[in-house]
Amino acid sequence: MDIFEKLRNNSGPIGTPAKMLNSHHYFSFPMLEGELGPRMRFMGREVLNWSLNNYLGLANHPEVRKADADAAAKWGLAYPMGARMMSGNSVLHETFEKELAQFVGKTDAFLLNYGYQGVMSAIECLCDHRDVIVYDAESHACLIDGIRLHKAKLGEYYKFNHNDMVSLEKNLIRATKLAEEKGGGVLVITEGVFGMSGKVGDLKAIAELKKKYNFRLLVDDAHGFGTMGETGAGVGELLGVQDEIDLYFSTFAKSMAAIGAFIASNDPEIIMFLKYNMRSQTYAKALPMPYVEGCRKRLEMIKQMPELREKLWENVKAMQDGLRARGFNIGETESPVTPVFLHSEGGVPEVTRMVRDLRENMGVFCSIVVYPVVPKGQIMLRIIPTASHTLEDVEYTLNAFTTLADKLKNRVYQSDAVQEVVE
Ligand SMILES: Cc1ncc(COP(=O)(O)O)c(C=O)c1O
């Protein structure tokens, strides 16, 4: 069989429905235009945008824009050339590593050129065939891919039910036994904030389990860095267990509104081991200097401007309290990530009409998640409040959602007439 022919006949789990619905550029690959922020243009119309992980509003902050532009003018995009190990290291890369480590309460850090490949490669590098990985069932794709690279035999890594400590303990018992047989150790992997549900990883209970079982803990705190805890140092800080996190990872793609990532630890030898053994860094170009300088500026602002985090949380609270008061189901979020669960019996045509009404008539843009990511009949609208939204934006959106839910309940979107109105 010709590979291309095979691929043309099966576009994959996300591509197939997109092709069927002809929704490329609408549900998937939409193009949001204009300055990054709460008001952007979608298909020529201005929309109130709730879909960016720009939690602290740094993406378009004038000081950030200036730092990025100055650094690009000074360094260009090339410097430094090569991998850190060979020719791509710099004093600023190492200074920034110290600053990041200090911010999250660790002694050492390793700057990574991308989050996804960085953490994937860290997992691959930390564990050899004797070690056993135990991971949360709702771990991000990059953690799963890291586990896929693990050199253990199929079945020699264990998944615990999402944030379920009874299930974790059961798996720790069998993982400990297997690791002892094989002469390896145990690595537990979870997240600080789960990006779909907004739930906070039960790191306190996991830290308690460390008293009973011998394992190391890796936490992906992509959504917690900058947003959670008194200083923004993440979920470990919030729950008072930062010291129990053996490997703290975060990307710069969310609160920092940039590209890059880091992994930090209180063990300098382990960070040095990662520096010399992570294949994604050893054999790839270092983070360009404008990112290093631009991200240093962002970190400085996160440290010096707690008002950004306070504004974020004011908006989060207004949105989540408002949704709850209006009877919406927002699950168990404890973070800025705000899922809104709606029920639809009318299948894809109904959801399509509803989303078009929300985007085109009400001017509200947020991410929409449907089956198979959530159960059949459920629709999840995902709202990300940021520090750059206003309380008026929140109020407007609460009203729009109330109208939307009423129409859904009254089956308005099941009628073809609505499609005509929207089209
Ligand atoms: C939980 C989590 N981990 C890791 C990543 C990957 O980071 P990056 O976008 O820097 O590759 C993401 C997405 O950005 C994420 O949501």
Side-chain angles (χ1 to χ4, degrees), residues 14 28-29 32 36 51-56 58-59 96-97 100 104 109-126 133 135-149 159 162-163 187-203 217-228 232 234-236 238 245 247-264 274 278-281 284-288 290-292 294-295 298-299 333-339 366-367 369 373 380 382-384 386:
I14 303 174
S28 40
F29 293 80
L32 285 165
L36 282 170
S51 68
L52 309 182
N53 292 126
N54 177 26
Y55 291 115
L56 301 175
L58 291 179
F96 190 32
E97 286 174 337
L100 285 164
V104 297
F110 185 23
L111 204 51
L112 312 170
N113 44 21
Y114 288 101
Y116 197 109
Q117 69 184 40
V119 73
M120 199 169 102
S121 179
I123 296 168
E124 189 263 351
C125 166
L126 287 161
I133 296 177
Y135 66 101
D136 188 284
E138 286 190 16
S139 293
H140 190 270
C142 58
L143 303 174
I144 303 292
D145 282 0
I147 295 159
R148 284 181 182 165
L149 287 174
K159 175 163 75 178
H162 176 48
N163 230 4
L187 179 70
V188 172
I189 300 178
T190 190
E191 293 185 37
V193 170
F194 289 87
M196 281 290 160
S197 66
K199 268 201 241 173
V200 161
D202 197 350
L203 303 186
L217 174 61
L218 174 113
V219 174
D220 177 343
D221 205 16
H223 295 269
F225 179 87
T227 66
M228 308 293 281
V235 171
L238 175 80
I245 299 175
L247 292 148
Y248 179 97
F249 164 85
S250 178
T251 164
F252 300 151
K254 322 267 176 202
S255 282
M256 297 274 268
I259 286 237
F262 73 101
I263 187 161
L274 292 174
M278 270 176 64
R279 292 166 65 82
S280 70
Q281 308 303 306
K285 188 181 179 302
L287 205 58
Y291 285 98
V292 177
C295 288
R298 289 159 169 79
L299 181 63
T333 180
E334 297 162 87
S335 71
V337 176
T338 308
C366 62
S367 304
V369 185
V373 181
M380 189 181 102
R382 184 166 164 269
I383 299 184
I384 308 290
T386 72

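Below, all heavy atoms of this structure are taken into account, side chains as well, without hydrogens, waters or symmetry copies. All ligand and atom numbering here is 1-based and tracks the order in the structure.
Scanning all heavy atoms of the two residues, the minimum distance from Asp221 to Gly234 falls at OD2-CA, 3.1 Å. Taking both residues in full, the closest heavy atoms of Ala284 and Asn113 are given as CB-ND2, 3.6 Å, listed atom of the first, atom of the second, then distance.
Considering backbone and side-chain N/O of Gly115, one or more are found under 3.5 Å from N/O of ligand 1.
Of the protein's non-hydrogen atoms, Ala253 CB, 3.6 Å is the one closest to atom 9 (O) of ligand 1. Among all non-hydrogen protein atoms, the one lying nearest atom 10 (O) of ligand 1 is Thr251 OG1, 2.6 Å. Of the protein's heavy atoms, Tyr116 N, 2.7 Å lies nearest to atom 11 (O) of ligand 1. In terms of protein heavy-atom proximity, atom 4 (C) of ligand 1 is closest to Cys142 SG, 3.4 Å. Annotation: atom 12 (C) of ligand 1 to nearest protein heavy atom, His140 NE2, 3.4 Å.
By the criterion of a heavy-atom distance under 4.0 Å, the side chain of Lys254, and not its backbone, is placed next to ligand 1.
Atom numbering of ligand 1 starts at 1 in the shown order; those under 4.0 Å from a heavy atom of Glu191 are 1 (C). For ligand 1, the atoms sitting less than 4.0 Å from at least one non-hydrogen atom of Ala222 are 1 (C), 2 (C), 3 (N), 15 (C), numbered in the order shown with element in parentheses.
Atom 2 (C) of ligand 1 has its nearest heavy-atom neighbour, among Asp220, Leu143, Ile259, in Asp220.
The aromatic rings of His140 and Tyr116 sit perpendicular to each other, their planes meeting at more than 60°, with 30° as the lower class boundary. Note on ring orientation: taking the six-membered ring where Trp is involved, the planes of Phe252 and Phe96 are tilted (angle from 30° to 60°).
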